[in-house]
Undergrad: 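I'd like to ask you about the structure that follows.
Just so you know, these numbers come straight off a predicted model, no measurement behind them. In what follows, chains are A, B, ... by sequence order, proteins preceding strands, each numbered from 1.
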2 protein chains.
Amino acid sequence: MNTELSAPGPSATAVEKGFCPVYRAIGVLQEKWVLHIVRALLDGEKGFNELARAVGGCNSATLTQRLEHLETLKIIDKRTEDTHGKLARSVYTLTPVGRELQSVIDAIDTWGRAHLQEGHPGVVSAQGC
Amino acid sequence: MNTELSAPGPSATAVEKGFCPVYRAIGVLQEKWVLHIVRALLDGEKGFNELARAVGGCNSATLTQRLEHLETLKIIDKRTEDTHGKLARSVYTLTPVGRELQSVIDAIDTWGRAHLQEGHPGVVSAQGC
DNA sequence: TACACCGCTTGACATTTTAAACCGGTGGGC
DNA sequence: GCCCACCGGTTTAAAATGTCAAGCGGTGTA
């Protein structure tokens, strides 16, 4: 309430800020796991479980939900690979739009490496990073 | 909790991915409102309520919590301004580390402007962007 | 036949975010 | 002096969101 500018409006939240692409972009990217998913996919297309593993800890329910959302936003593409016979493998890829998030991930990566180094002893800097 | 930075526990989730700063950075930046807060502060230091308004919709409880977290991460600084007489105003600023998130915000900004232009049903545009 | 993997879905549960009211204090108008 | 708006928050309970574990139909490998 104290965060309102002036709007006595019912819907509140993001609206009174006025719509802007940056605001929305942040809204999308801050959803839990989204950046992890994008990062994993920048590394190449992946199947569902494969993606879950690459992302590192997201459970299937959440992952399904995120993937649906990202698909409607046209950030990723879901393709059902009709392999031999009946088994259909789902493959997730970034769309061109999604691939452009590379710059965002890079920026985060750079920042993280520069400022978040305080690692724990015993944790060897693995790759896959 | 699994994205916790300080987790000393060798157990659980994120670990099998192997520790890496990017992973951790994503963990920090994806917390709700964090990017909004950083963006607002990149625009100049702000008081508590002022920040809440700039961020656009975050409630005070969450904001308090986020600010504390960001402070322990040394991304922001809290200063208590001893204004004329008695009234103490709290002012939040980005540290140099926090200021370097400018590149991340810029990347998101660029991406958002390029790909998120189409309106969203029900969201009326205003200003402040 | 048995067992491990695939891509999910379900339903119960835990955590996080939220609105709203409230606290003590300041400052200004009347 | 009284009223009321603003400051920086805290507290509550309820809603939203995320998670866990189990399980489904199906395949492929041994």
Undergrad: Any side-chain N or O of Arg53(A) under 4.0 Å from OP1/OP2 of dC6(C)?
TA: yes
Undergrad: Quick one: do Ile76(A) and Val91(A) end up in the same hydrophobic cluster if we chain Ile, Leu, Val, Met, Phe, Trp and Tyr together by side-chain heavy atoms under 4.5 Å apart?
TA: no
Undergrad: Would you call Glu50(A)-Arg89(A) a salt bridge at under 4.0 Å N-O?
TA: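 The answer is yes: the pair qualifies as a salt bridge.
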Undergrad: Is any side-chain N or O of Gln65(B) closer than 4.0 Å to OP1 or OP2 of dT17(C)?
TA: yes
Undergrad: Rounded to the nearest Å, what distance is computed from the CZ atom of residue Arg79(A) to the C1' atom of nucleotide dG7(C)?
TA: 15 Å
Undergrad: Please report, rounded to the nearest Å, how far the C1' atom of dC6(C) is from the CD atom of Glu81(A).
TA: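 Value for this atom pair: 12 Å.
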Undergrad: Give a yes/no answer on whether the side chain of Trp33(B) brings an N or O atom under 4.0 Å of OP1 or OP2 in dT16(C).
TA: no
Undergrad: Send over the distance from Asn59(A) CG to dG11(C) C1', rounded to a whole Å.
TA: 13 Å
Undergrad: Measuring to OP1 and OP2 of dC6(C), would you say a side-chain N or O of Ser90(A) lies under 4.0 angstrom away?
TA: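 False: Ser90(A) side-chain N/O out of range (4.0 Å or more) of dC6(C) OP1/OP2.
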Undergrad: Output the rounded distance in Å from CD (Glu68(B)) to C1' (dG8(D)).
TA: 13 Å
Undergrad: Is there a side-chain polar atom (N or O) of Lys78(B) under 4.0 Å from OP1 or OP2 of dG8(D)?
TA: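 No, outside the criterion.
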Undergrad: Is there a side-chain contact between Asn49(B) and the phosphate of dG8(D), meaning an N or O under 4.0 Å from OP1 or OP2?
TA: yes
Undergrad: dT18(C) P sits how many Å from Glu31(B) CD, rounded?
TA: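 Rounding to the nearest Å, CD of Glu31(B) and P of dT18(C) are 12 Å apart.
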Undergrad: Measure CG/Leu63(B) against C1'/dT11(D) and give the value in whole Å, please.
TA: 16 Å
Undergrad: Taking atom P of dT10(D) as reference, at what distance in whole Å does atom CZ of Phe48(B) sit?
TA: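 Value for this atom pair: 7 Å.
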Undergrad: By the salt bridge (Lys or Arg N to Asp or Glu O under 4.0 Å) test, which pairs, at least two apart or in different chains, include something from residues 57-77 of chain A?
TA: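 Checked against salt bridge (Lys or Arg N to Asp or Glu O under 4.0 Å) - neighbours excluded - the pairs reaching residues 57-77 of chain A are Glu31(A)-Arg66(A).
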Undergrad: Mark yes or no for a side-chain to base donor-acceptor pair under 3.5 Å between Ser60(A) and dT9(C), with no hydrogen or angle criteria applied.
TA: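 Looking at the base of dT9(C), it does pair with a donor or acceptor on the side chain of Ser60(A) (distance under 3.5 Å).
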Undergrad: Do you see a donor-acceptor pair shorter than 3.5 Å between the side chains of Thr62(A) and Asn59(A)?
TA: yes
Undergrad: With sugar-phosphate meaning primed atoms plus P, OP1 and OP2, does Thr62(A) contact a base, only sugar-phosphate, or nothing at under 4.0 Å between heavy atoms?
TA: base
Undergrad: Quick check for you: among dT19(D), dT10(D), dT17(C), whose closest atom lies nearest to any side-chain atom of Ala61(A)?
TA: dT19(D)
Undergrad: Lys32(A) has an atom NZ; how far is it from atom C1' of dC20(D), in whole Å?
TA: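 The answer, rounded to whole Å, is 13 Å.
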Undergrad: What is the distance from atom SG of Cys20(B) to atom CG of Leu116(A), rounded to the nearest 0.5 Å?
TA: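 Going from SG on Cys20(B) over to CG on Leu116(A), the span is 10.0 Å.
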Undergrad: Whether Arg89(A) contacts dT27(D) is assessed here as follows: a side-chain N or O lying under 4.0 Å from the phosphate OP1 or OP2. Is that the case?
TA: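 Looking at the OP1 and OP2 atoms of dT27(D), neither is under 4.0 Å from any side-chain N or O of Arg89(A).
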